[in-house]
Amino acid sequence: MQGNKTDIWRHMKNVASQIEALVQAAQRHCLIVGAPELRAQASSVEKDWSSYQGLSTSVEGMAHQEVSSLLMTHIQQLQIVLRHLEKMPIQAAAQLDVLRDQICNLKISVSNMKPGAGGGAFEWVDSLLVTALKNGHWLLVDNVNFCSASVLDRLNALLEPKGVLTINEKGTVDGEIVTVVPHPNFRLFFAMDPKMGEISRAMRNRGIEIYMLGETEGEPYSEEDILAMLTKCSGLKNEALCHWLLDLHRELKAEAPIADCPVLEDLLQAARVIAQLIKRGFDTKEAIVHATEDVYINHRKNGSTKKHAKSLVQKHLTKMSLPEDYAQKDQVMSLATICPGDTSILSTIKEEGKFILELLKDMQQNSSSEMSDTIFKTTQFNSAALIFASMQCENSWQLALAWLDSVSVSLARILKAQGNRLAIKENDESTARSSHSMECFMLEPAVHGFEYVRTLALGCLKLVFEGQLWPKLKSALAEAFTSVPQALCLINEQPWDLNQNPQASKKAFALLKLTPTWFAVFCFDKVPKRKSGAIGEGALKNRAAEKIPSLLTIDKTELIELASEPHKSANQSNLLAVSLVLALFTHTLDIMKKELTFISDIYIVSSIN
């Protein structure tokens, strides 16, 4: 709650932030629906919004008339954006009306501005608390015990059951004191350290107290909690390394003076640095040395504490024992690392490809008898390639192949580096030869196995998207969903194998059931006039029985001949890819036939009744 000097720019930014949210919502809707005219509208509104963002906000050295002109330019550009939004299919009519009124008020305020006026004018501006109360936000007040007791006591009435906030400082509006009723979603959280002071008993009685033990009051977290934080928050997946780091942290904490004692955040920071360095190609031990030196040694304030911390780190490093291939495995899985919050197509492809990298790790851990089972390995590789290929859609398959190519190069480099580390560690010539044979046994199968999967996935994807399969399926989808563009857009974004996302497929087909004119448009290419008994049940069934199979047929002989042509590369299409893909594609067509037949029967029964 506060009174601030009148500032038109602040109101302008408030309106602009609301319009920006609407612009983003409108663009998201247009791009999801995918209709060409909506995409054009999204592009147009983006151009106008970029023009607004490019306007200057600096008024330093400007005369009054220049400032007024700049403000008016901002307002006019916002009005242009608002007019575009009004034409777009977004459910925000009430919000648009409010924004239109606010822009008109801004325009009036700018028109009434006079040189030197407004210098002593003040206006009421809601504080964070009042804004949160009105909009239903969650508000955290940290170090609440630093706040003046008289200010906190103002909140006692608000925190009562069915309490409200009375703002006497604002004066009267229409003859009444302003009272704010909290939004149902409003929540208020207080955080404090009792060592720094207390708050009144009346305030504490109005909330639920949760006391968290500090690090100096014993272990606030169990070992399982800390290990979970290390693996989930830092990305450090190796259990032995997490235990080693935790033991080092506890010994440093036990022997360091209170003023220089490491805390839990230091442990998590060290784990994050180690994980990041390993992903960048550092040796595991080298990554540990860099991280512990940076977090536990360099950050200590006292020289003697630094020296002691360094000796403890060295002592723990000499006792550390990790699997020799740990760095290799972590680097292999880092090829599919996804940044938190990343929802791009590439992140989806990486998530889908993780099981291929896990398969390579399993190969290195298997015994020689298991690895010599050629039939078992081939079956695994065939399944991996087919599953990965079946997860791709028209927008992702080329990027998926590019990712496989990049992984192929990186994987060879990582495994080669691991092999070199194994050879360097051997001094005896005979032992070195033994180590080299083990390197070939462990590393070469992983490289060859991945190349096999990559080649087969390449053949499957090219067969689907560069052959006649996807154009046939896409044409069938376009004809089946022509009257329901939202469903067509949804199903076109799914993998070509409809089994990969059955929920989305069912939702798309469900949208057909909700469209009264779908069957008529699908079977007759138009909406017929309603005439009772004009078309009998038998005629309708015959028409559906003719229409559906004609859409969903594929010439398997032509595909096999295409794969057998001598000028075709084995990487592009081969008989194995044909046999694998046709089984899935046939099942996809069967799903469509079943769904379309079922929906058609529903329409036929409803039209006859």
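Numbering of residues begins at 1 and proceeds along the displayed sequence.
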Engineer: Between the main-chain N or O of Ser150 and the side-chain N or O of Arg154, is there a donor-acceptor pair closer than 3.5 Å?
Structural biologist: no
Engineer: Shortest non-hydrogen contact from Ala457 to Leu404?
Structural biologist: CB-CD1, 4.1 Å
Engineer: In terms of heavy-atom contacts, does NZ of Lys306 have more than 12 from other residues, nucleotides or ligands at under 6.0 Å?
Structural biologist: yes
Engineer: Pair Ser408, Asp405 - check side chain to side chain donor-acceptor pair (under 3.5 Å), show working.
Structural biologist: CA-CA 5 Å; Ser408 177; Asp405 290 340; over 6 Å; no
Engineer: Taking the basic N atoms (NZ, or NE/NH1/NH2) and the acidic carboxylate oxygens, is any pair closer than 4.0 Å for Glu20 and Lys13?
Structural biologist: no
Engineer: Once rounded to the nearest 0.5 Å, what's the spacing between atom CZ of Arg300 and atom NZ of Lys310?
Structural biologist: 15.0 Å
Engineer: Just checking, any donor-acceptor pair under 3.5 angstrom between side chains of Gln102 and His11?
Structural biologist: no
Engineer: Looking at every non-hydrogen atom in both residues, tell me the closest pair between Ile349 and Ser396 and how far apart they are.
Structural biologist: CD1-O, 3.6 Å
Engineer: Once the angle between the rings of His316 and Trp244 is folded into 0 to 90°, is it parallel (under 30°), tilted (30 to 60°) or perpendicular (over 60°)?
Structural biologist: perpendicular
Engineer: Minimum heavy-atom separation for Met192 to Val144, with atom names?
Structural biologist: CB-CG1, 3.9 Å
Engineer: Nearest heavy-atom pair of Cys261 and Ala256: which atoms, and what distance?
Structural biologist: CA-CB, 4.1 Å
Engineer: Indicate, with yes or no, if the rings of Phe186 and His137 have centres closer together than 6.0 Å.
Structural biologist: no
Engineer: Could you go through the side chain to side chain contact (heavy atoms under 4.5 Å, CB included) check for Tyr296 and His249 one step at a time?
Structural biologist: CA-CA 9 Å; Tyr296 287 115; His249 175 80; 2.9 Å; yes
Engineer: Parallel, tilted or perpendicular: which describes the rings of Phe189 and Trp138, with under 30° parallel and over 60° perpendicular?
Structural biologist: tilted
Engineer: Would you check if there is a donor-acceptor pair between the side chains of Glu352 and Thr348 at a distance under 3.5 Å?
Structural biologist: no
Engineer: Over all heavy atoms of both residues, which pair between Trp403 and Leu346 is shortest? Give the atoms and the distance, please.
Structural biologist: CD1-CD1, 4.1 Å
Engineer: Give the minimum heavy-atom separation between Leu248 and Thr292, together with the two atoms involved.
Structural biologist: CD2-CG2, 3.8 Å
Engineer: Is it the case that Gln398 and Gln392 place a side-chain donor and acceptor less than 3.5 Å from each other?
Structural biologist: no
Engineer: Tyr52 vs Ile19, test: side chain to side chain contact (heavy atoms under 4.5 Å, CB included). Steps then yes/no.
Structural biologist: CA-CA 11 Å; Tyr52 171 78; Ile19 291 179; over 6 Å; no
